[in-house]
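Here the structure is laid out as structure tokens; the discussion comes afterwards.
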Protein chains: 2
Amino acid sequence: MAPTLLIVEDDPALAELLVWSFEAEGYKVLQTPDGEEALLIAAETPPDAIILDWMIEQLSGIEVCRRLRRHPELASVPIIMLTARGEEEDRIRGLETGADDYVTKPFSPRELIARLAAVMRRTRPALAGQTMRFEDLELDPVAHRVRRDGKEIALGPTEFRLLQHFMERPGRVLSRGQLVTGVWGHDSDIEERTVDVQVKRLRAAINSTGGRDMIRTVRSAGYSLG
Amino acid sequence: MAPTLLIVEDDPALAELLVWSFEAEGYKVLQTPDGEEALLIAAETPPDAIILDWMIEQLSGIEVCRRLRRHPELASVPIIMLTARGEEEDRIRGLETGADDYVTKPFSPRELIARLAAVMRRTRPALAGQTMRFEDLELDPVAHRVRRDGKEIALGPTEFRLLQHFMERPGRVLSRGQLVTGVWGHDSDIEERTVDVQVKRLRAAINSTGGRDMIRTVRSAGYSLG
DNA sequence: AACTCAATGACAGTTCTGTGACACCGCCTC
DNA sequence: GAGGCGGTGTCACAGAACTGTCATTGAGTT
């Protein structure tokens, strides 16, 4: 379950350095110098985070960023921009466009790694091994444990992934289609109604200890947590 | 729910480039080189935005723009004009006529896409997932929630879409026909009177917590929010 | 008053969701 | 290898929620 990283950098020397550094950190690294290709790769195998150089060929970083954000599956993937010193204007636009952080060149790999860790902790607690909380629900991704109001709850693997998916996006309505690709994978040919059944099972498990139903049904749209 | 775009451009090469670029962005694209036809297409299936070349055959851009603005259904569709460098005079007239932005040739598709995104964010917040507000009413398209004066309000799917439609166009009077195509879809054969019934249901839901009626009936014209 | 248009209540039909049942699969134990 | 077991995906059905239409009542205009 090593987190996957996509590095978009067209300076070969820097790219190599970054790949090497992050692999040493235990990340699985994908890499391309090209904005267009980055989008393709990201769509194919959504990474857990993206390191994006501002100035790249084909498509500017800002453009890649914007397109990623538009793609529903990729909208919440954290992005760190690499900018040259002084591109103040760009930095602002970058953050507006949806970058989560930026790092000014020149930088040390250590710094970038630290920033990435911070961003991941903030946006994808599950990958950082942080336990996630929502009201009296806790999910510990490392120990694979779920507690409601302190009491341990047993979940099957699918139920667990489903709940994790919800807890990473609290309050957000997820369509059955999104849940299928998010929980079962992009290439699964699962009936959409199966989602209903797993939701029912998840509900039964979560609410067994009493307390209100944590999963909201949004008719003709999907489900959401909370 | 991809936003629809109408591109009016008579240079085939440029038109193709634009169609390609915007489709890659996830827009649904309609295209014509001809001003007259543009008006027909726009009247038939109102797009979410229009890219309009200044110098086109049949009808000048400015004329198309003016006619669009006269057409009640299309008056608020954002328009971006494409002008040749130095047509300062035209640019001013363009903005006066009701264009929302203009881009000077030559330009990169990137720039145009960015401008469009900015315009859309301004005019269609729901597409960007932003919470919309009108007085003490809030609609959160991502969480699929509606609140009045902080209190949550339950709406059925159609009521929700109807309210969203109103909130994207606050204060504007919408005819039953506009509401039918906007809320039910271009190709629905719904009785126009059905709008009345859904408006009644929406009113009942929204005003249930007390407070004044947020939906105004405009006799022999339609309804509006506020 | 006559006329037009909108609000409402009732209702039948449709769509969507919750649920229980069941078959299947991989895994483990015996 | 048989049998037990937890976990899954599908299906069919029932119930709930939602919707479109219509007839009637009511409000606004001329």
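Throughout, a chain's letter reflects where its sequence line sits, starting with A, and its residues are numbered from 1. Just so we're clear, the structure is a prediction, and the values are computed from it rather than from any experiment.
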Quick check for you: among [options], whose closest atom lies nearest to any side-chain atom of [X]?
X	options	value
B/R193	C/dA6, D/dG7, C/dG9	C/dA6
A/I190	D/dT10, D/dC18, C/dA7	D/dT10
A/T194	D/dT10, C/dA7, D/dT21	D/dT10
B/R176	C/dA6, D/dG20, D/dC11	C/dA6
A/R219	D/dG9, D/dG20, C/dC16	C/dC16

Checking the side chain of B/T32 only, and the main-chain atoms of B/D34 only, is there a donor and an acceptor separated by less than 3.5 Å?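 Pair found, side chain donor or acceptor close to backbone of B/D34.
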Can you check whether B/S175's main-chain N or O pairs, donor with acceptor, with B/Q178's side chain at less than 3.5 Å?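 Side chain of B/Q178 to backbone of B/S175, a donor-acceptor pair under 3.5 Å: yes, one is there.
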For atom [atom1] of [X] and atom [atom2] of [N], their distance in whole Å:
X	N	atom1	atom2	result
B/E192	C/dA7	CD	C1'	17 Å
B/R161	D/dT19	CZ	P	7 Å
B/L162	D/dT19	CG	P	10 Å
A/R216	C/dT17	CZ	P	13 Å
A/K200	C/dC22	NZ	C1'	14 Å
A/D213	C/dG18	CG	C1'	12 Å
B/D196	D/dT19	CG	P	16 Å
A/L202	D/dG9	CG	P	13 Å

Would you say that more than 12 heavy atoms from the other residues, nucleotides or ligands in this model lie under 6.0 Å from the CZ of A/R110, or not?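 No, CZ of A/R110 has 12 or fewer neighbouring heavy atoms, counting only those of other groups under 6.0 Å.
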Using the ring of each side chain (for Trp, its six-membered ring), is A/H144 parallel, tilted or perpendicular to A/F160, with breaks at 30° and 60°?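 A/H144 vs A/F160 ring planes: parallel.
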For [X], which contact category applies under a 4.0 Å heavy-atom criterion: base, sugar-phosphate, or nothing?
X	result
A/D189	sugar-phosphate
B/R203	sugar-phosphate
A/V199	nothing

Can you check whether [X] has a side-chain N or O nearer than 4.0 Å to OP1 or OP2 of [N]?
X	N	result
A/Y223	C/dG18	yes
A/W184	D/dT8	no
A/T158	D/dG7	no
B/S220	C/dC5	no
B/R201	C/dA7	no

Take A/R176 and A/D196 through the test salt bridge (charged side-chain N to carboxylate O under 4.0 Å, His left out) and record every step on the way to the result. CA-CA 8 Å; A/R176 294 182 174 72; A/D196 296 30; 2.6 Å; yes
B/E135 bridged to B/R148 by N-O distance under 4.0 Å: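 A salt bridge is absent here (no side-chain N lies under 4.0 Å from a carboxylate O).
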